[in-house]
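The figures here come from the full heavy-atom set of this structure, side chains too, leaving out hydrogens, waters and symmetry mates. Throughout, protein chains are lettered first and strands after them, A, B, ... in sequence-line order, and every chain is numbered starting at 1.
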There are 2 protein chains.
Amino acid sequence: MAHFTHHSEENYLKTLFKLESRQDKKVNNTALAKALNLNPATVLEMIRKLTDRKMVQLKPDKSIQLTEKGKKKALLTIRKHRLWEVFLVEKMNYKWNEVHELAEQLEHIESADLVDRLDGFLGNPPFDPHGDPIPDKNGKIKPNLSVPLSDCIPGKNYTVINLIDTSDEFLQFLGKLNILPGRRIKLLEKLKYDNSFSVEVQEKTVQFSEKVAKNILVQSV
Amino acid sequence: MAHFTHHSEENYLKTLFKLESRQDKKVNNTALAKALNLNPATVLEMIRKLTDRKMVQLKPDKSIQLTEKGKKKALLTIRKHRLWEVFLVEKMNYKWNEVHELAEQLEHIESADLVDRLDGFLGNPPFDPHGDPIPDKNGKIKPNLSVPLSDCIPGKNYTVINLIDTSDEFLQFLGKLNILPGRRIKLLEKLKYDNSFSVEVQEKTVQFSEKVAKNILVQSV
DNA sequence: CATTTTTATTTGGTATACCAAATTTTTTAT
DNA sequence: ATAAAAAATTTGGTATACCAAATAAAAATG
């Protein structure tokens with residue numbers, strides 16, 4: 001029977017990739033351990049293995065950096081994760097905020113071919129249900145041209161692309177407002193009085209704070 | 001991150017179930033080790049763990065027997081495996097003899113709910129692509145009423161249900177004859193001369209040995 | 001029934017992937 | 001510059017799941 005070869009490797013690489021791209025700060029052992037919810041000793045040990053495997057580099061200042069090889073593997077894992085998320089939402093009728101754990105399991109299925117077939121089966125979706133772009137089979141990812149709603153111009157129409165805060169609480173709140181990735185919305189006005197936002201969603205007008213607006217990424221239509 | 005708790009347990013239980021149902025002989029450590037392609041020491045160790053978990057019983061004569069709990073878990077694993085096989089063939093356009101390894105991975109995804117949804121999505125198929133029956137969500141399996149073609153009556157029509165030998169070689173051979181699970185065939189005659197079989201498949205007449213006929217399970221139409 | 005042969009079991013290892021606690025090194029702040 | 005805080009590292013463990021080789025027990029066979 002096949003072994004679960006380097007099953008956790010994908011989690012490390014994926015998390016490293018996210019940390020590297022989300023912040024401009026360098027990633028250190030502590031940060032990675034925190035992100036993975038693991039003991040620093042464990043992470044250090046694993047980073048050394050990943051260094052041997054040429055997946056990461058340990059810089060002289062002790063920051064951890066993905067190599068090209070590591071970055072590609074991370075992106076392919078992200079591809080798997082996001083495609084399975086689309087599958088779960090589109091075909092298995094899960095809600096977009098219910099699929100993370102399952103996709104976390106499915107992303108470790110080893111078969112590039114299956115993932116490519118899944119991609120085709122789903123109609124080569126460019127985004128996952130959270131609005132995150134899906135890397136192609138070579139690990140190339142389209143730069144996301146979306147901007148926070150808080151930076152947008154009143155009177156214009158936008159498509160919701162992605163959410164920065166993906167906490168359950170926030171997603172529930174947006175759910176009530178009927179806002180989700182893919183939804184067309186119109187920014188009505190930014191109220192000077194309290195910096196709140198007025199937005200048209202499916203023929204209804206809703207209000208929310210600037211904090212919320214900062215967490216909604218949109219693309220102009 | 002979630003652990004791969006008892007990931008191999010499912011393989012042991014599944015294999016045990018198959019050994020128990022395929023032969024009337026009792027299953028001993030050696031047989032199980034051979035079936036799993038593992039060292040007997042490893043298997044013995046694991047069987048003790050499974051005994052602690054009330055999945056199997058070690059009989060005084062040292063034969064290994066699944067408990068009800070173990071049998072149910074085995075059947076639910078088989079359910080997962082077979083449903084994923086249907087998915088791979090029906091939706092991912094794999095050929096029926098290409099899906100085993102992948103299903104072997106997918107069957108370990110932990111979510112009874114996902115499997116039930118998958119079942120619905122696939123239209124509650126009663127059989128997998130090899131013709132094996134798919135247990136329901138409670139682990140109940142319909143008794144297979146099929147018989148080997150070698151025991152059938154010339155002149156009657158049958159549906160191919162299942163194959164006993166699932167080696168690539170055999171499947172390739174049957175592929176050339178256009179015989180696969182689900183196919184309607186007519187047994188023309190059993191030739192006394194060399195015990196060979198003459199069968200009508202899709203308006204064509206094909207011949208094969210008794211050995212082949214013994215490995216094709218059919219149901220009368 | 002004694003001897004092979006087979007099966008079961010024990011023993012001492014391995015690899016992966018974790019952890020807690022102690023220690024060392026580095027950074028930060030006074 | 002030095003004390004305190006933070007980060008990195010080492011050390012000694014754990015659990016799962018494997019193996020090879022030695023030994024013991026059971027079964028088969030002459």
Side-chain angles (χ1 to χ4, degrees), chain A residues 1-16 19-20 23 25-65 70 73-74 77 104-105 107-110, chain B residues 1-16 19-20 23 25-65 70 73-74 77 104-105 107-110:
Chain A
M1 306 266 154
H3 276 212
F4 311 113
T5 46
H6 311 320
H7 204 146
S8 65
E9 175 181 289
E10 293 186 321
N11 289 329
Y12 279 81
L13 297 180
K14 209 178 54 165
T15 304
L16 260 171
L19 288 178
E20 280 187 1
Q23 295 138 227
K25 284 186 293 182
K26 300 192 169 176
V27 181
N28 63 17
N29 199 48
T30 311
L32 183 55
K34 203 170 287 176
L36 285 163
N37 202 21
L38 292 175
N39 188 293
T42 302
V43 173
L44 183 63
E45 195 188 8
M46 187 59 157
I47 287 304
R48 284 173 177 159
K49 283 179 197 164
L50 293 178
T51 302
D52 288 346
R53 293 177 203 155
K54 310 271 186 253
M55 292 293 183
V56 305
Q57 265 186 300
L58 258 171
K59 296 283 172 183
D61 69 341
K62 291 170 184 187
S63 67
I64 304 161
Q65 220 172 42
K73 180 117 198 230
T77 304
E104 205 68 13
Q105 287 188 59
E107 78 187 6
H108 299 302
I109 300 294
E110 282 177 67
Chain B
M1 303 266 156
H3 276 210
F4 312 112
T5 46
H6 309 321
H7 203 145
S8 64
E9 175 180 286
E10 294 187 321
N11 289 329
Y12 279 81
L13 297 179
K14 208 178 55 164
T15 304
L16 259 172
L19 288 178
E20 280 187 2
Q23 296 140 224
K25 286 186 292 180
K26 299 190 169 176
V27 181
N28 63 19
N29 198 48
T30 312
L32 184 55
K34 203 169 286 175
L36 285 163
N37 202 20
L38 293 174
N39 189 293
T42 302
V43 173
L44 184 63
E45 195 188 7
M46 187 57 158
I47 287 305
R48 284 175 176 154
K49 283 180 198 163
L50 293 177
T51 303
D52 290 346
R53 294 177 203 157
K54 309 275 185 248
M55 291 294 183
V56 305
Q57 265 187 299
L58 259 171
K59 296 283 171 179
D61 68 341
K62 292 171 181 183
S63 68
I64 305 161
Q65 220 171 43
K73 180 116 198 229
T77 304
E104 206 69 14
Q105 288 188 60
E107 76 186 8
H108 298 301
I109 301 294
E110 282 178 67

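- Of the candidates D/dC18, D/dA21, D/dA25, D/dA21 carries the atom nearest the B/Ala41 side chain, counting heavy atoms from C-beta on.
- Contact between the side-chain N/O atoms of A/Arg48 and the OP1/OP2 oxygens of D/dA8 is not found at any separation under 4.0 Å.
- In this structure, A/Thr30 reaches the sugar-phosphate backbone alone: every heavy-atom distance under 4.0 Å involves primed, P, OP1 or OP2 atoms, never a base.
- To the nearest angstrom, C1' of D/dT9 lies 14 Å from CG of A/Asn28.
- Under the Watson-Crick or G-U wobble criterion, with both distances below 3.5 Å, D/dA4 is paired with C/dT27.
- With C/dA8, C/dA17, D/dA8 as the choices, the nucleotide that has an atom nearest any side-chain atom of A/Lys62 turns out to be D/dA8.
- Rounded to whole Å, the distance from NE2 on A/His7 to C1' on C/dC18 is 15 Å.
- Whole-Å rounding puts the B/Leu38 CG to D/dT16 C1' distance at 13 Å.
- For the pair A/Leu44 CG and C/dA21 C1', the computed distance is 16 Å after rounding to whole Å.
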A/Glu104 vs A/Lys14, test: side chain to side chain contact (heavy atoms under 4.5 Å, CB included). Steps then yes/no. CA-CA 11 Å; A/Glu104 205 68 13; A/Lys14 209 178 54 165; 3.0 Å; yes
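- Taking 4.0 angstrom as the limit, B/Tyr12 places none of its side-chain polar atoms (N or O) nearer than this to OP1 or OP2 of D/dT16.
- To the nearest 0.5 Å, the span separating CG on B/Leu16 from CE on B/Met55 amounts to 12.0 Å.
- In terms of position on DNA chain C, the residue among A/Pro40 and A/Asp61 whose nearest nucleotide sits closer to the 5' end is A/Pro40.
- In this structure, B/Glu9 places its CD atom 18 Å from P of D/dA15, rounding to the nearest Å.
- Minimum atom distance to the side chain of B/Thr42 is reached by D/dC19, of the listed D/dA17, D/dC19, C/dC18.
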Tell me, with the steps shown, if B/Lys25 and B/Leu19 meet side chain to side chain contact (heavy atoms under 4.5 Å, CB included). CA-CA 9 Å; B/Lys25 286 186 292 180; B/Leu19 288 178; over 6 Å; no
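- Whole-Å rounding puts the B/Leu36 CG to D/dA17 C1' distance at 12 Å.
- Of the side-chain N and O atoms in B/Asn39, one or more sit less than 4.0 angstrom from OP1 or OP2 of D/dA20.
- At C/dT7, none of the side-chain N or O atoms of B/Asn29 fall inside 4.0 Å of OP1 or OP2 (strictly under the cut-off).
- If you check D/dC19, D/dT16, C/dC19 against the side chain of B/Lys49, the one that comes closest is D/dT16.
- Ring geometry, A/His7 versus B/His7: the interplanar angle falls from 30° to 60°, so the pair is classed tilted.
- Atom CD of A/Glu45 is separated from atom C1' of D/dA15 by 14 Å (rounded to the nearest Å).
- Look at NZ on B/Lys26: it is 12 Å from P on D/dA27, rounded to the nearest Å.
- Within the 4.5 Å cutoff, the side chain of A/Ile64 has heavy atoms near those of the A/Leu58 side chain.
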